[in-house]
Amino acid sequence: MANNEKNEEGKKKSLNFIEQIIEEDLSKNKNGGRIHTRFPPEPNGFLHIGHAKSICLNFGLAGKYNGKTNLRFDDTNPLKEEQVYIDSIKEDIHWLGFDWEGREYYASDYFERLYEFAEKLIKQGKAFVCEMTPDEIKNSRGTPTEPGKESPYRDRPVEENLDLFRRMKEGEFPEGRYQLRAKIDMSSPNMHLRDPVLYRIRHMAHPRTGDEWCIYPMYDMAHGQCDYIEGITHSLCTMEFEVHRPLYDWLLDHIAEGDYRPRQIEFARLNLGYTVMSKRKLLQLVEDGTVDGWDDPRMPTISGLRRRGYTPASIRDFSERVGIAKRDNIIDMALLENSLREDLNKKAQRVMGVLDPVKVVITNYPENEEEELDAVNNPEDESMGKREVPFSREIFIERNDFMEEPPKKFFRLAPGREVRLRYAYFITCEDVVKDASGEITEIRCTYDPSSRGGQSPDGRKVKGTLHWVSAKHAIPVEVRQYDRLFMTEDPDKVDEERKDFRANLNPDSLHILENCMLEPFIKDAKPEDKFQFERKGYFCVDRYCDPHKKLVFNRTVTLKDTWAKIAKQQKQQPKKQKNKQKNK
RNA sequence: UGCCCGAUGGUGUAAUGGCAACACGUCUGACUCUGGAUCAGAAGAGUUUGGGUUCGAGUCCCAAUCGGGCAGCCA
């Protein structure tokens with residue numbers, strides 16, 4: 001045992017670049033050896049899988065290095081921020097399995113301190129009150145290749161700046177009349193150093209501070225300073241903030257006292273194939289009704305994944321597997337699904353459910369008889385026990401589990417062929433009944449009574465095993481089958497033909513099946529309960545479904561389907577043969 | 001003809017100057033009362049390109065190319 005543990009430790013996983021920085025800082029006893037991270041969402045939308053990566057990173061690092069993680073809402077722009085988002089963000093983080101241990105902070109908690117910091121900058125001659133219009137500022141900023149021009153108000157005396165800034169705070173001026181700007185370098189090649197705006201006037205009630213303030217700090221003025229106030233040591237953000245880092249450091253160098261400094265480190269945001277990740281675009285889909293809200297099961301939001309049936313453990317595992325680096329990436333959905341299946345396979349209760357039912361009559365089974373058969377709840381976990389499944393003369397099987405003219409390698413039911421009904425009997429197809437349009441309405445079979453439980457005493461084998469539901473006992477439910485939201489791997493990639501990312505939407509991302517039949521075991525299912533429908537996939541009871549009415553299931557993910565792959569290949573085969581013949 | 005960041009199998013991540021590794025995906029095969037799971041195996045990159053330093057470079061240096069970011073009183 002001890003050896004094994006040693007070996008496990010010996011296989012130490014390599015560190016990602018942030019862990020390397022942290023361990024280096026630790027070895028130098030920087031900031032007294034403290035590790036303190038933060039997760040800083042702006043409450044202007046729901047969290048998505050990309051945020052999940054960041055949450056797992058920040059909380060994970062703190063866990064690993066015996067540190068702490070704060071939750072901090074970056075609520076400096078009352079124009080876009082709302083309480084509903086704050087509530088959803090907190091719920092999502094908890095659901096994911098992380099806890100900020102009461103350290104729930106808001107940038108708005110620090111408005112007073114931030115104001116003092118701003119005055120400090122003014123007194124040092126490092127900030128000035130500017131009265132250019134937005135257009136004037138824009139025009140004087142220059143371009144990435146040309147330097148900007150200095151504001152005519154740049155050399156306003158300190159006392160005047162202080163007076164004006166105080167009066168801005170007192171609400172003496174209309175929006176846009178004045179703004180506080182840092183005095184850095186209008187010819188800097190870094191646009192963010194060209195006298196960036198630090199404070200703007202906004203006569204607008206804030207969700208938390210109400211009418212107390214009418215000036216609000218900009219992101220750069222707030223973020224690093226909040227990190228500093230909270231004692232954050234490693235401030236992790238995505239790559240687009242890299243160019244802000246010189247400003248982050250500049251502000252702190254003029255504001256902070258002592259040796260302690262938070263350090264900003266950037267990493268690449270996560271991108272998933274066949275979906276979009278920007279909050280703006282997700283909001284658009286919500287607002288134009290493309291999806292059924294932020295938590296639509298097709299959305300890459302945490303609440304969407306939750307409603308779809310994803311587990312917190314699977315998302316955490318995924319976040320671990322995608323790794324941390326600085327390069328752009330588009331991660332294959334298959335990786336997410338792999339984490340999911342791995343988790344669900346171990347945990348999910350198995351159940352039999354027929355999604356597209358066709359009736360099978362077992363002609364030699366007594367008319368009014370029925371019986372209970374033993375079924376395993378989860379072959380991966382014996383402790384989950386067994387259940388009884390009712391069997392009778394008429395059952396449903398999956399329509400596509402039968403073919404009148406079966407192609408090669410089709411192991412399921414066909415005329416004259418014998419298959420196993422899972423946990424029940426061997427049956428042999430004797431006849432097929434069709435309606436006027438040629439659709440199969442009934443399959444007539446005989447069963448072998450000696451094969452009860454699923455094995456024949458003579459030891460003969462069958463190639464296929466089908467799931468089934470006793471017609472008389474079946475519980476009808478609705479099943480919503482989801483597919484990828486977009487048809488292209490990178491929906492953001494648009495051209496003249498597809499000007500908007502929504503042109504890449506998948507028109508068949510939702511397919512509703514109204515008439516699915518489940519075994520009676522399902523009758524006590526509650527919202528968010530998860531099941532494996534054997535041979536079909538993982539399904540969960542919709543979060544908002546009323547279990548006293550018809551149950552609604554969301555298909556979380558299919559099982560890996562080898563037959564689907566074979567069938568696809570066979571579909572392509574005939575073409576090849578035709579071509580060959582042509583060539584001859 | 002600005003500044004910053006990046007470039008390693010199909011995808012993602014490692015290799016920290018010394019045999020390019022792991023995961024997902026793909027393909028075989030075994031096993032199987034889920035065409036699932038599991039197990040065994042295989043294919044697949046010589047690290048964007050060109051120079052340089054070095055006994056030795058994916059790793060260090062220079063240049064080019066390509067991709068991304070930066071010109072909100074958004075974050």
Side-chain angles (χ1 to χ4, degrees), chain A residues 13-17 20 40-42 44 74-77 79-81 130 132-134 137-139 141-148 175-176 178-181 188-194 196-202 216 218-220 222-223 237-246 266 268 270 273 279-280 321-339 341-342 345-346 350 352 375-376 379-380 409-412 420-424 426 453-455 461-467 489 532-537 558-567:
Chain A
K13 264 175 77 184
S14 55
L15 304 175
N16 65 50
F17 80 96
Q20 286 174 33
E42 183 190 11
N44 68 343
D74 220 331
D75 57 346
T76 57
N77 184 6
L79 200 62
K80 294 181 175 177
E81 295 150 7
C130 186
M132 291 202 284
T133 65
I137 289 186
K138 192 178 174 184
N139 293 332
R141 188 163 8 238
T143 69
T145 51
E146 300 162 86
E175 285 187 17
Y178 292 105
Q179 61 284 138
L180 184 72
R181 290 226 259 163
S188 170
N190 183 340
M191 300 295 288
H192 296 276
L193 260 21
R194 321 246 263 227
V197 173
L198 263 23
Y199 264 91
R200 76 283 216 188
I201 297 172
R202 211 153 255 184
Y216 294 95
M218 298 287 290
Y219 166 82
D220 291 298
H223 205 100
C237 62
T238 42
M239 291 302 292
E240 66 268 29
F241 291 101
E242 185 156 39
V243 282
H244 291 244
R245 180 155 28 93
E266 311 84 16
L270 172 138
K279 280 198 265 184
R280 202 198 91 239
R321 288 189 198 216
V322 294
I324 303 293
K326 297 176 85 158
R327 54 170 163 266
D328 284 350
N329 59 77
I330 300 181
I331 283 145
D332 195 336
M333 194 73 93
L335 191 61
L336 216 206
E337 292 182 342
N338 176 69
S339 293
R341 289 196 184 101
E342 216 167 74
N345 178 46
K346 282 181 287 181
R350 312 284 128 120
M352 289 197 284
V376 172
E380 305 295 319
K409 289 190 178 173
F410 182 84
F411 301 145
R412 288 115 96 146
R420 171 169 38 234
L421 294 176
R422 176 142 235 233
Y423 300 127
F426 287 7
Q455 240 139 9
K461 300 275 186 194
V462 287
K463 273 284 208 177
T465 300
L466 308 187
H467 61 279
E489 188 185 33
Q532 184 196 103
F533 293 2
E534 293 218 23
R535 301 209 306 137
K536 290 271 107 179
T558 60
L559 253 31
K560 279 188 198 163
D561 191 346
T562 312
W563 167 246
K565 214 175 278 174
I566 294 170

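The chains referred to below are lettered A, B, ... by the order of the sequence lines, with proteins before strands, and numbering in each begins at 1. As a basis for the values below, the full set of heavy atoms in this structure was taken, side chains included, without hydrogen atoms, waters or symmetry mates.
Within 4.0 Å (heavy atoms only), Y216(A) reaches no atom of the nucleic acid at all. Contacts of I566(A) with the nucleic acid, taken as non-hydrogen atoms under 4.0 Å apart, include base atoms. L79(A) comes within contact range of no nucleotide atom at all, as no heavy-atom separation falls under 4.0 Å. Note on T562(A): only backbone sugar-phosphate atoms sit closer than 4.0 angstrom, heavy atoms only; bases stay farther off. Residue I331(A) is in sugar-phosphate contact alone, with no base atom involved, counting any heavy-atom pair closer than 4.0 Å across all strands shown. Within 4.0 Å of P379(A), counting heavy atoms only, lies at least one base atom of the nucleic acid. Base engagement by T133(A) is indicated by at least one non-hydrogen atom pair under 4.0 Å involving a base atom. Contacts of Q532(A) with the nucleic acid, taken as non-hydrogen atoms under 4.0 Å apart, include base atoms. Looking at heavy-atom distances under 4.0 Å, R412(A) makes contact with a base. Using a 4.0 Å heavy-atom cutoff across all strands shown, E242(A) reaches sugar-phosphate atoms only and no base atom.
Both F411(A) and N16(A) sit near RNA chain B, but only N16(A) has its closest nucleotide nearer the 5' end. If E342(A) and D74(A) are placed on RNA chain B by their nearest nucleotide, the residue sitting closer to the 5' end is E342(A).
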Interface polar pairs with nucleotides 27-32 of chain B, N/O, under 3.5 angstrom:
| unit_1 | atom_1 | unit_2 | atom_2 | d |
| --- | --- | --- | --- | --- |
| C27(B) | OP2 | K565(A) | NZ | 3.3 |

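For A37(B), the OP1/OP2 oxygens have a side-chain nitrogen or oxygen of K560(A) closer than 4.0 Å. Close to G12(B), at under 4.0 Å from its OP1 or OP2, lies no side-chain N or O of R321(A). Proximity of R200(A) to the phosphate of C74(B): a side-chain N or O atom is located under 4.0 Å from OP1 or OP2. Within the 4.0 Å cut-off from OP1 or OP2 of C74(B), not a single side-chain nitrogen or oxygen of K279(A) is found. Between R141(A) and G72(B), a side-chain N or O to OP1/OP2 separation shorter than 4.0 Å is present. At least one side-chain nitrogen or oxygen of T76(A) sits closer than 4.0 Å to the OP1 or OP2 atom of A75(B).
For U34(B), its base sits under 3.5 Å from the side chain of R350(A) at one donor and acceptor pair at least. Between the side chain of E380(A) and the base of U38(B) there is no donor-acceptor pair of N/O atoms closer than 3.5 Å. With hydrogens and angles ignored, no donor-acceptor pair under 3.5 angstrom links the side chain of E266(A) to the base of G6(B). Judged by atom type and distance alone, H244(A) reaches the base of A75(B) through a side-chain donor-acceptor pair under 3.5 Å.
The CG atom of L180(A) sits 12.0 Å away from the CZ atom of R200(A) when rounded to the nearest 0.5 Å. Note that the CD atom of E266(A) and the CZ atom of F17(A) stand 7.5 Å from one another [nearest 0.5 Å]. Atom CE of M132(A) and atom CZ of R181(A) lie 4.0 Å apart (nearest 0.5 Å). In this structure, CZ on R350(A) lies 4.0 Å from CD on Q532(A), to the nearest 0.5 angstrom. To the nearest 0.5 Å, the span separating NZ on K80(A) from CZ on R280(A) amounts to 9.5 Å.
Rounded to whole angstrom, the span from the CG atom of N338(A) across to the P atom of U13(B) amounts to 17 Å. In this structure, CE of M191(A) is placed 16 Å from P of C74(B), rounded to the nearest angstrom. A7(B) atom P lies 5 Å from atom CZ of R327(A), rounded to whole Å. Going from atom CZ of R194(A) over to atom C1' of A71(B) covers 7 Å, rounded to whole Å. Between the CZ atom of F17(A) and the C1' atom of G6(B) there is a distance of 11 Å, rounded to whole Å. As a whole-Å value, the separation of N329(A) CG from C24(B) C1' is 14 Å. In this structure, the CG atom of L270(A) is 12 Å from the C1' atom of U11(B), given to the nearest Å. Protein atom CZ of R202(A) is 9 Å distant from nucleotide atom C1' of G72(B), rounded to whole Å.
You'll find that the side chain of N77(A) is closest to A75(B), out of A75(B), C70(B), C73(B). In this structure, the nucleotide among G69(B), G35(B), C74(B) sitting nearest to the side chain of E240(A) is G69(B). Comparing G72(B), G2(B), A75(B) by their closest approach to the side chain of P189(A) singles out G2(B). Checking C5(B), A37(B), G25(B) against every side-chain atom of N345(A), the shortest atom distance belongs to A37(B). The side chain of M218(A) has C74(B) as its nearest neighbour among C74(B), G25(B), A71(B). When the nucleotides G36(B), G35(B), G12(B) are ranked by their closest atom to the side chain of V322(A), G12(B) comes out on top. The listed nucleotides are G72(B), U34(B), A14(B); the one nearest the side chain of K138(A) is G72(B). Residue Q20(A) places its side chain closer to U16(B) than to any other of U16(B), A75(B), G10(B). The T143(A) side chain lies nearest to A71(B) when the options are A71(B), A37(B), U16(B). Closest to the S14(A) side chain, of the nucleotides A23(B), A71(B), A14(B), is A14(B).
The stacking criteria are not both satisfied for Y219(A) over the base of A75(B), which would need a centre-to-centre distance under 5.5 angstrom and an angle between ring planes under 30 degrees.
Every side chain to side chain donor-acceptor pair (under 3.5 Å) that E42(A) has, sequence neighbours left out, goes to N44(A).
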* Check step by step if side chain to side chain contact (heavy atoms under 4.5 Å, CB included) holds for L466(A) and R535(A). => CA-CA 8 Å; L466(A) 308 187; R535(A) 301 209 306 137; 3.6 Å; yes
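Ring geometry, H192(A) versus H244(A): the interplanar angle falls from 30° to 60°, so the pair is classed tilted.
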* Structure fact -> For RNA chain B, the expected dot-bracket line (Watson-Crick or G-U under 3.5 Å, [ ] crossing, | inter-strand) is .((((((..((((....[..)))).(((((.......))))).....(((((..]....))))))))))).....
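Glycosidic torsion of G29(B) falls outside 90° of 0, placing the base in anti.
The two residues A222(A) and T76(A) have their closest heavy-atom pair at CB-CG2, 3.7 Å.
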